[in-house]
Number of protein chains: 2
Amino acid sequence: MAQRTEPLRSDAQQNRERILEVARDALATSPHVSLNSIAKAAGVGPGTLYRHFPNRQALVLGVYRQEIGQLVDLAPALIAKHPPLTALRLWFDRLAHYGRIKHGLADVLHAAINDQVLRETYGPMVGAIDLLLRSCEASRKIRDGVDAEDVLLLMGFLWRIVPGRAGEARAGRLFDLIMDGLQARTN
Amino acid sequence: MAQRTEPLRSDAQQNRERILEVARDALATSPHVSLNSIAKAAGVGPGTLYRHFPNRQALVLGVYRQEIGQLVDLAPALIAKHPPLTALRLWFDRLAHYGRIKHGLADVLHAAINDQVLRETYGPMVGAIDLLLRSCEASRKIRDGVDAEDVLLLMGFLWRIVPGRAGEARAGRLFDLIMDGLQARTN
DNA sequence: ACCTGAACACCGTTCAAGT
DNA sequence: ACCTGAACACCGTTCAAGT
């Protein structure tokens, strides 16, 4: 966990970046591409890929780490600029924009629930939502007993929506429904 | 599609059943078991398995067809016995009870959104929910513009919940939230 | 310290040969 | 009509040999 202590040798660093770059596109195109084919496309031996990413999950996690980071950083920025409920809703919208990488992201977040190692990614994500929820609670606008993990689970429908106009309309409808459900009636 | 026209030869029928029986347990234990190992455990050659189920998806679908059928049949029964909103809620509860097979069920339903062949399974499921929703709408208790597919998508959080006490509590909370969200405020 | 690529056990899938 | 099981191409993963 945390950050690596020693910097990578420059050739290793380059390999790592090339692998991630190739993997991002390959996984977006079809989530079942073989790791060997990714290694080949990145111009490295399979052993090199495995040195950097000991298994498929690790590679997928590496690919999505950046995008998740962006999402996490967005939360405090939105809170600073908008009323609490608006910030929450805007964050939902952004979450919906992860087009082709959606499915992989879902896998990572889901796996993170069970897998210790992956909590590294799951944690910040839950943290971002928690931030948004707390700022809503401060003005008593959210129902009691709902936590950040609840919301992330609810948002999971996003990964299963088909892209396009119809999908966006559906997402909008469900966001509205969830926002209504979140707003206190039990308070 | 629809039903097969000719009955299977009796040995073929037996093989089919043995394969499904073994597959049900194997897939529940770990979703990634190889088809060859399932064939072996069922005491048939790999070719036989492929004759009955041309790919992994077909096998998984075969396994879950029965459980989905039960769920679908439950909808009208609940409507007959309970007020509309109660029937809907009770159906949700039953949906939550598919313990170890949850994840596979999710895969089937998700794949069905994109795959023509699988609509056979997806359709009745959506139909059951539609039935429940219509009976609620008849008494104007459901918000406008929400359809059965919306609800099935929302229910998707169930597949990602961890089993046990904590999971059940979470499911209860989220069901309440969704039920509140479903109830008309926009009407 | 890192990379290469041959090698291993295993996978999904096919198909000639049987009954 | 259906089953068997050897066979094929390919997969994830390892590791001795190189730089």
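Please read these numbers as outputs of a predicted model, since none were measured by experiment.
The salt bridge (charged side-chain N to carboxylate O under 4.0 Å, His left out) check on R18(A) picks up nothing, with sequence neighbours excluded. Residues passing the side-chain contact (heavy atoms from CB on, under 4.5 Å) test with A41(A), sequence neighbours excluded: V22(A). Looking at residues two or more places apart in sequence or on another chain, you find a salt bridge (charged side-chain N to carboxylate O under 4.0 Å, His left out) between R173(A) and D147(B), D150(B). The side-chain contact (heavy atoms from CB on, under 4.5 Å) search around D11(B) returns R9(B), not counting sequence neighbours. Q14(A) meets the side-chain contact (heavy atoms from CB on, under 4.5 Å) test with no other residue; sequence neighbours excluded. In this structure, the side-chain contact (heavy atoms from CB on, under 4.5 Å) partners of Y122(B), at least two apart in sequence or on a different chain, are L109(B), A112(B), I113(B), R119(B), V126(B), E149(B), L152(B).
When each of P54(B) and A12(A) is assigned the nucleotide of DNA chain C with its nearest heavy atom, A12(A) is the one assigned upstream, toward the 5' end. Mapping R9(B) and N55(A) onto DNA chain D by nearest heavy atom places R9(B) closer to the 5' end of the strand.
Residue pairs that meet the side-chain hydrogen bond (donor to acceptor under 3.5 Å, both in side chains) test with at least one member in residues 160-169 of chain A, sequence neighbours left out, do not exist here.
For R134(A), the CZ atom is loosely surrounded, since the number of other residues' heavy atoms within 6.0 Å does not exceed 12.
Side-chain atoms of T29(A) come within 3.5 Å of backbone N or O of D25(A) as a donor-acceptor pair.
Residues Q66(B) and Q70(B) bring no donor and acceptor atom of their side chains to less than 3.5 Å of each other.
Remark: S34(A), L35(A), N36(A) in residues 31-41 of chain A come within less than 4.0 Å of DNA chain D through at least one heavy atom. Sorted by residue number, the members of residues 43-51 of chain B with any non-hydrogen atom under 4.0 Å from DNA chain D read G43(B), V44(B), G45(B), P46(B), G47(B), T48(B), R51(B).
The shortest non-hydrogen separation linking L153(B) to F157(A) is O-CB, 3.5 Å.
The shortest distance between side-chain heavy atoms of M155(A) and I129(A) does not fall below 4.5 Å.
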Determine all donor-acceptor pairs shorter than 3.5 Å in which one atom belongs to a side chain in residues 72-86 of chain A; sequence neighbours excluded.
none

**Fill in**
Symbol by symbol from the 5' end, with Watson-Crick or G-U pairs under 3.5 Å, [ ] crossing and | another strand, DNA chain C is ||.|||||...|||||.||
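For DNA chain D, the outermost nucleotides in 5' to 3' order that have an atom under 4.0 Å from a heavy atom of chain B are dA1(D) to dA6(D).
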